[in-house]
Structures are given as C-alpha cells and as structure tokens.
Amino acid sequence: MSLNEFDIIQQYFSKITTPRNDVMTGIGDDCALLVPEPGKILAVSTDTLVAGRHFLADVDPASLGHKCLAVNLSDLAAMGAEPCWVSLALTLPDVDENWLKKFTRGFAQLAEKHGLQLVGGDTTRGPLTITITVHGQVEADAALTRSGARSGDLICVTGKLGEAALVLKKLLDGDAVDEDARLALERPQPRVATGVALKGLATACIDISDGLLADLGHICSASKLKAELEKVAVPGSEATLNHEILLDFALTGGDDYELCFTVPEKFKDRLPEIAQQTEVSISVIGRMTEGQGIEIFDENGTRMDMPEQQGYMHFS
Ligand code: ADP
Ligand code: MG
C-alpha cells in the first residue's frame with residue numbers, strides 16, 4: 001500500500017533531527033515557532049535543486065540529501081551565521097521508500113553535524129525538486145556581507161577550487177571518476193566554522209557556488225572596487241595533471257562551496273590559526289584596489305585575458 005503525504009511526513013521527516021531548546025513548535029502545526037536569541041538577527045537563505053539541472057537524476061539519494069542542505073549551509077557560512085533551523089519542501093514524482101530512506105539519511109547526517117533541527121516543510125507530487133530554507137543567527141552588527149571590502153584588503157579563498165566542475169564534466173563525458181574526486185561534487189562540506197571564525201576579521205565574504213570569478217565579481221560590484229588576482233596563487237585541486245585546464249575550472253567552475261573573503265592586511269597573520277582551527281586551507285590570491293571588475297596576472301606580472309564565460313548562469 002502506498003503511503004500518503006501524512007504517512008511520509010510522520011515516517012521520514014518528523015523525527016530525523018535532534019530537538020533544539022529554541023524550537024517551541026516544530027513539524028506538525030501550521031507554522032514552526034522558533035525563539036531567536038536576544039541581540040541576534042536571523043539569517044535566512046533558500047535554494048532549489050531541480051533534477052536534471054542541479055543534479056544528475058541517477059545521483060545517490062544520500063549524496064543528494066547531503067548536497068541540497070550543504071549548498072544552503074554554505075550561504076549561512078558566507079554571512080558568518082550559526083545554523084539553527086531548516087525547512088524542506090520536497091516535490092516527488094512518486095513514493096519510493098528506498099529513495100526516501102537514503103535521502104533523509106544524507107540530509108539528517110549533515111543537519112546533525114551542524115546542530116540544525118528540521119522544523120517544517122511541504123511534501124507534494126511532481127517532477128523531483130528540492131527546496132530548502134535554512135535559518136541561522138548572527139550578532140546584529142557582525143554579519144559578513146558582500147559590500148564591505150576596502151581598497152588594499154587581501155582576497156582569500158578556503159580549500160581547493162575547480163574539482164567539482166571537473167568531476168561533473170568527466171561524469172557527463174562518461175569518463176571514469178574515482179570515489180574521492182566524486183565526493184568533491186556530491187558531498188561538499190560547507191565552511192560554516194570558518195565563516196563564523198571570520199566575523200570581526202573579514203570585511204566581505206561570499207560562497208563560491210557559480211565559480212570564483214563570478215562570485216568574486218559580486219564582492220567587487222557590491223564593494224565598488226576592483227580585484228587583482230595572481231593566477232599562480234589560486235588553489236586548484238590536484239585532480240588533474242594538466243594545470244592549465246584545471247585553473248580554468250578553478251576560476252570559472254561552479255559547485256565548489258568554498259568561501260571567498262577579503263581581510264585587511266593587518267589580519268593576515270590570523271589566517272593560519274583560523275585555517276587550522278576550522279580544518280581547511282586558506283590561500284591569499286590577490287588584493288582589492290580602486291576600480292572595477294577583476295584582473296588576473298600571471299607569474300611574470302603580465303595581465304592575462306579573462307575567460308569568456310566567468311561562471312554558471314541559468315538564463316544565458
Ligand atoms: P499545511 O497543510 O498546514 O501546510 P502540511 O500538511 O503541508 O501542512 O504539513 C504538515 C506538517 O508537516 C507541517 O508542520 C509541515 O511543516 C510539515 N512538513 C510537511 N512536509 C515536510 C517535509 N518534507 N519535511 C519536514 N516537514 C514537513
Ligand atoms: Mg503544506
């Protein structure tokens with residue numbers, strides 16, 4: 001017998017995360033009732049993942065559960081917010097219990113890791129689509145935004161860039177992909193601890209979801225400044241032997257979910273400590289200056305041509 005909407009909610013969603021003290025009412029009423037900490041503001045972000053557009057339809061459901069939450073957590077990380085609550089709107093073509101079990105396992109494991117409680121959502125029938133809204137909290141004056149960079153600030157990124165886009169290309173081309181590389185695409189780790197640690201240090205921050213150039217470009221326009229990058233300093237992943245190709249992926253590939261941020265030079269010495277504490281590498285890749293747009297310089301200091309397509313766009 002097939003499960004109805006309420007059975008699905010009861011069986012697969014109602015108790016998959018640990019209850020938090022600041023949830024007055026969670027799943028089961030018309031709204032969730034949540035109690036923010038005094039003095040903090042809410043940081044709210046929504047992302048939708050559509051089968052065939054944001055993920056391959058045959059992806060492992062547990063990886064999908066992980067990833068659709070990870071991309072939302074990455075947005076909280078970029079603002080320096082601490083994750084608290086999440087809601088999940090799920091559109092399913094049919095009730096596949098095996099799929100639901102795996103999906104909720106991947107989702108719940110990442111939620112637990114970051115102390116998030118699933119507090120509500122919606123369950124409907126239609127083409128497979130997942131919409132998640134995460135809610136975080138941050139001190140009223142401490143949120144990191146795109147607009148705070150200042151001329152002279154160093155530009156930094158966490159982790160290694162380009163691997164997810166490279167793996168996706170290989171999968172689409174039907175090439176072999178080893179399991180570790182596949183994790184970069186399917187199980188990105190949102191840099192939540194790093195974002196929180198950067199409060200008070202970073203002047204601007206964004207997560208890299210559409211490619212470094214595209215996302216850093218948002219910091220430039222919001223901060224009304226130019227970015228000057230050193231190509232050799234951009235941390236490409238080791239997934240390929242061909243460094244030139246890799247760098248193109250690192251500059252313009254999507255789906256990395258690393259952080260790109262700016263810091264005043266006086267905080268440079270703090271970066272290794274933050275990297276160590278939050279278990280991710282941090283690379284200084286350039287500097288903000290007066291002007292607009294992005295310029296990239298090679299190892300001889302020569303300005304390079306910019307790639308034509310600077311990142312992923314839905315409507316181009
Ligand atoms: P309503 O009709 O009032 O919108 P629903 O029948 O859609 O309520 O949902 C019942 C309860 O289950 C609500 O509290 C809702 O937030 C929750 N819910 C529905 N779908 C999900 C889901 N996929 N994940 C988590 N909670 C869900
Ligand atoms: Mg509803």
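Both ligands and their constituent atoms are indexed starting at 1 by order of listing.
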- Query: Between Leu118 and ligand 1, which part of the residue brings a heavy atom under 4.0 Å of the ligand: side chain, backbone, both or neither?
  - Reply: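 It is the side chain that gets close, since no backbone atom is under 4.0 Å.
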- Message: Counting only heavy atoms closer than 4.0 Å, does ligand 1 sit against the backbone of Asp122, its side chain, both, or neither?
- Response: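 It is both parts that get close, each with some atom under 4.0 Å.
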With a cut-off of 4.0 Å, which atoms of ligand 1 are near a heavy atom of [X]?
{"X": "Gly28", "answer": "11 (C), 13 (C), 14 (O)"}
{"X": "Thr123", "answer": "19 (C), 20 (N), 21 (C), 22 (C), 23 (N)"}
{"X": "Glu5", "answer": "6 (O), 7 (O)"}
{"X": "Gly120", "answer": "16 (O), 24 (N), 25 (C), 26 (N), 27 (C)"}

- Query: Distance-only, no hydrogens or angles: does the Thr17 side chain make a donor-acceptor pair with backbone N or O of Leu118 under 3.5 Å?
  - Reply: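 Yes, the answer is positive, given that a donor and an acceptor are paired below the 3.5 Å cut-off.
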- Message: Please determine whether side chain to side chain donor-acceptor pair (under 3.5 Å) holds for the pair Thr91 and Thr129, giving the CA-CA distance in whole Å, both sets of side-chain angles, and the decisive distance to 0.1 Å.
- Response: CA-CA 5 Å; Thr91 305; Thr129 304; 5.0 Å; no
- Partner residues of Tyr257 under the ring-ring contact (aromatic ring centres under 6.0 Å, His included) criterion, sequence neighbours left out: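 Partners of Tyr257 by the ring-ring contact (aromatic ring centres under 6.0 Å, His included) criterion come out as none, since no residue qualifies.
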- Distance from Leu154 atom CG to Ile282 atom CD1, nearest 0.5 Å?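 Rounded to the nearest 0.5 Å, the CG-CD1 separation comes out at 12.0 Å.
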- Shortest reach to atom 17 (C) of ligand 1 by a heavy atom, considering only Ile27, Thr25, Thr91, Asp29: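 Ranked by closest heavy atom to atom 17 (C) of ligand 1, first place is Ile27.
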- Hey, does Phe6 sit under 4.0 Å from ligand 1 if you only count heavy atoms?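 It does, in that a heavy atom of Phe6 comes within the 4.0 Å cut-off of ligand 1.
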- Quick check: does Gly121 get an N/O under 3.5 Å from an N/O on ligand 1?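 N/O-N/O distance below 3.5 Å exists for this pair.
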- Before signing off on this row, confirm whether Leu88 and ligand 1 have an N or O atom pair separated by under 3.5 Å.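 For ligand 1, there is an N or O atom that lies under 3.5 Å from one belonging to Leu88.
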- Item | Taking every non-hydrogen atom, the tightest pair across Gly195 and Leu144 |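 Where Gly195 meets Leu144 most closely, the heavy atoms are O-CD1, 3.7 Å.
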- Query: Closest heavy-atom contact between Ala142 and Lys199?
  - Reply: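 Shortest heavy-atom contact: O-CG, 3.7 Å.
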- Message: I want to check something: taking the side chain as every heavy atom from C-beta on, are Met304 and Asp298 in contact at a cut-off of under 4.5 Å?
- Response: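 The answer is yes; the side chains approach within 4.5 Å.
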